[in-house]
**Q** 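Have a look at this one before I ask anything.
We count ligands from 1, going down the list as the structure has it; atoms in each ligand are counted the same way. All residue numbers refer to positions in the sequence shown, counting from 1.
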Amino acid sequence: MEQERRTKEELFDALVHNALGFVNTSIDHLQHKPKNAIVDLYTAIELFLKARLMKEHWTLMLSKPETGDLQNLAVGDFLSVYLDDALKRIQSILGEKIDKDASENFKALGEHRNQIVHFAHSGMDNSSKTQAGVIVEAWASWHYLHALLTGPWEGIFQPYAAELQVLNQRMMRQGEFIKARFEILKPQIEIQTMKGNKIVPCGHCLMPAAIEGETHAWGTDYACMVCGVDDTALAECNEELPCPECGTPFKFFQQGNSTCPNCSHEITTDILIDLCTKHFPEGDGWCEDGQVHIASCHNCQHAQPSVFFIDGMWSCVSCFDRGWGAVACSRCDEFVTGDMERIKYFACHKCEPQVREQILRMAEPSASTTSEGGEPAL
Ligand SMILES: [Zn+2]
Ligand SMILES: [Zn+2]
Ligand SMILES: [Zn+2]
Ligand SMILES: [Zn+2]
């Protein structure tokens with residue numbers, strides 16, 4: 001039993017290291033072999049998705065047992081089928097929601113990858129993307145992948161946090177090309193301004209090239225013309241808390257703000273939770289007196305409840321995500337944030353593993369797959 005478990009862990013580790021290696025070579029290739037960069041990054045994304053599935057149950061990463069047919073498929077087709085399947089399984093079997101922007105970005109990268117691979121084989125080569133375009137494409141895909149690995153999947157990929165950070169820094173250094181891209185697009189950005197669109201700085205490439213979209217209570221959507229990322233700029237929270245050391249009030253609700261600006265006292269997440277427990281002793285209007293008013297965050301799943309009702313919004317002082325609803329889960333009674341519909345009809349992040357296990361036990365993988373393009377079902 002012990003032996004078997006270790007083997008699976010080793011396999012998982014090998015898979016993740018393989019994936020990390022492909023991100024690394026992808027960055028190596030960005031400057032001079034942009035096509036290899038796309039192919040390698042796409043491979044890395046698939047490997048990470050596989051690793052995520054494997055962590056749940058090792059059979060979930062097997063593509064199809066009837067490999068006879070698979071060997072006849074073009075490599076590109078096989079890989080694109082796999083990406084789709086992996087995304088579907090993560091959402092249907094694991095019950096995890098992958099951001100639509102992220103899955104669409106991965107699929108688009110996969111299509112680009114297939115074009116490169118197929119044209120290379122047939123000797124035709126017209127997948128004409130500018131170098132800046134490729135870098136921006138890789139940048140955007142990395143953004144979505146990195147967000148998954150360090151956000152909802154942080155607990156799973158935590159042992160690789162240091163490696164991921166190094167890769168992220170390397171990717172961020174591609175900034176000069178992003179600037180070049182910005183210069184090229186400047187006239188088009190100006191046209192957008194003349195059309196009456198509001199242009200704001202993008203939270204990812206930092207270029208003033210993001211077209212503002214819909215505004216919600218928790219922030220404003222934007223689409224960046226330079227790096228192609230769609231995201232939401234979270235509404236600023238200007239509330240202040242007194243430093244536990246010197247008593248000077250400081251703005252605490254921002255990522256990376258870990259010392260007191262006055263006395264440099266270290267402000268950890270635990271300190272913030274303590275301070276907020278004192279200063280924000282009430283939940284929203286739905287919370288009854290005496291009821292728990294600090295919610296567990298579904299986004300970062302911080303061990304302790306970390307979400308307070310601050311400035312009219314549920315706000316996590318661990319990951320600084322805000323704007324979600326908070327309820328007591330009717331299944332496990334935990335006070336949690338998350339997608340209200342999902343909690344109501346499926347599970348909250350606390351009781352999800354048990355609910356999923358129940359579902360898995362009821363429906364073995366054999367009953368849960370699609371058969372596209374006339375392929376044999378799993
Ligand atoms: Zn951008
Ligand atoms: Zn201080
Ligand atoms: Zn959080
Ligand atoms: Zn629950």
**Q** Give a yes/no answer: is there an N/O/S atom of Cys300 under 2.8 Å from the Zn ion (ligand 3)?
**A** yes
**Q** Quickly, which of Asp270, Val317, Val307 forms a side-chain contact (heavy atoms from CB on, under 4.5 Å) with His302? Name it, please.
**A** Asp270
**Q** Quick one: the SG of Cys297, the Zn ion (ligand 3), SG of Cys319 angle, rounded to 10°, please.
**A** 110°
**Q** Flag the pair Lys350 and Asp333 as a salt bridge only when some basic side-chain nitrogen lies within less than 4.0 angstrom of an acidic carboxylate oxygen.
**A** no
**Q** I need the SG(Cys263)-the Zn ion (ligand 2)-SG(Cys260) angle, rounded to 10 degrees.
**A** 110°
**Q** Between the main-chain N or O of Leu275 and the side-chain N or O of His279, is there a donor-acceptor pair closer than 3.5 Å?
**A** yes
**Q** Only one of Arg356, Gln91, Arg52 passes side-chain hydrogen bond (donor to acceptor under 3.5 Å, both in side chains) with Glu96; say which it is.
**A** Arg52
**Q** Angle at the Zn ion (ligand 1), SG of Cys202 to SG of Cys224, rounded to 10 degrees, please.
**A** 110°
**Q** Look at the N, O or S atoms of His265, main chain and side chain alike, and state whether any lies under 2.8 Å from the Zn ion (ligand 2).
**A** no
**Q** Mind reading off the angle at the Zn ion (ligand 2) between the SG atom of Cys246 and the SG atom of Cys243, rounded to 10°?
**A** 110°
**Q** Are His293 and Phe335 an aromatic pair by the rule of ring centers under 6.0 Å?
**A** no
**Q** So, is His298 placed with an N/O/S atom under 2.8 Å from the Zn ion (ligand 3), counting both backbone and side chain?
**A** no
**Q** Are Ile267 and Phe250 close enough that some pair of their side-chain heavy atoms sits under 4.5 Å apart?
**A** yes
